[in-house]
Structures are given as C-alpha cells and as structure tokens.
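Heavy atoms only: backbone and side chains are in, while hydrogens, waters and symmetry mates are out. As the structure is a prediction and not an experimental result, all values here were calculated from the model.
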Amino acid sequence: MSTHHHTEPAHGSKGSIWTGSILSIILTVIPFWLVMSGALENATATTVIIFVLAIAQIIVHVVCFLHVDSRAEDGWTLLAFIFTAIIVVITIVGTIWVMYHMNVNMMPMSAGEMSNM
C-alpha cells in the first residue's frame, strides 16, 4: 500500500483576506485621490505613481486572494503565473513597438493629397 500525501490547496486565512481587502482599498483610493484632487501638478508623475500602485495591487491580489506562491502545488502555480505574465508583457510591448514604428515610418500625406483621394 502506497502512502501518497495529497496536499490541499491553500485557501488563505481570514487575516489574509482582510489584509488583501484593506490593501486593495488603499491602493484604489490613493490614485483616485491623486487624480480628483490634482495633488500633483506633473501629469507624468501622477501617471507613474498610478502605474506603480496598479502593479502593487496586482501583487496584492495574486498573493492574498489567488494564493499564488512557491508552496502551492510544489511551485507549479507560480511558474505558470510567471510564464503567463512574461507572455502578456511580450505581447503588449511588441504591439506598442510595432505600432510606434509603423507610425514613424509611414509617409505623411499633405492636405492636398488627402483631398484627392
């Protein structure tokens, strides 16, 4: 008779859920406040802060609600998540790169040429 130890997936504790909920609320309210109050004069700085807080919120959701870590399913869940994230980043960056270069390399048309079409 073989003795296999089947580990159940971690579902997190109430503390993990509360921590994730509070962090999610904070990470949502801060960008909302930044935009609505106009606290920062520089739009680029506001955009960068919002982007950083969005990444932080993704991490909070993955850890606190999805429970993706190196212990879940012997690390395969984390590995699959990282692979998926890499593919998504490659797709987004590649799309932006192609669109940018197509825009730069297209020949501009004058108003007269456009009216003749």
With rounding to the nearest 0.5 Å, note down the distance linking CD in Gln57 to CG in Leu53.
-> 8.5 Å
Ile22 and Val60: same hydrophobic cluster, using ILVMFWY side-chain contacts below 4.5 Å?
-> yes
State yes or no: do Leu23 and Ile17 share one hydrophobic cluster built from I, L, V, M, F, W and Y residues joined by side-chain heavy-atom distances below 4.5 Å, directly or via other members?
-> no
Any chain of hydrophobic side-chain contacts (each under 4.5 Å) joining Leu34 to Val29?
-> no
Spacing of Leu27 atom CG and Ile55 atom CD1 [to the nearest 0.5 Å] = 11.5 Å
Please say which of Val88, Ile86, Ile92 ends up in a side chain to side chain contact (heavy atoms under 4.5 Å, CB included) with Ile90.
-> Ile86
Can you measure from CD1 (Ile50) to CD1 (Ile30) and round to the nearest 0.5 angstrom?
-> 11.0 Å
Partner residues of Ser24 under the side chain to side chain donor-acceptor pair (under 3.5 Å) criterion, sequence neighbours left out = His61
For Cys64 and Ser16 the tightest heavy-atom approach is O-OG, 3.3 Å
Approximate separation, where rounding is to 0.5 Å, of Leu66 CG and Leu78 CG | 12.0 Å
Within one Ile-Leu-Val-Met-Phe-Trp-Tyr cluster: Val35 and Phe51, side-chain cutoff 4.5 Å | no
What about Trp33 and Ile26, same hydrophobic cluster or not, with Ile/Leu/Val/Met/Phe/Trp/Tyr joined at side-chain heavy-atom distances under 4.5 Å?
-> yes
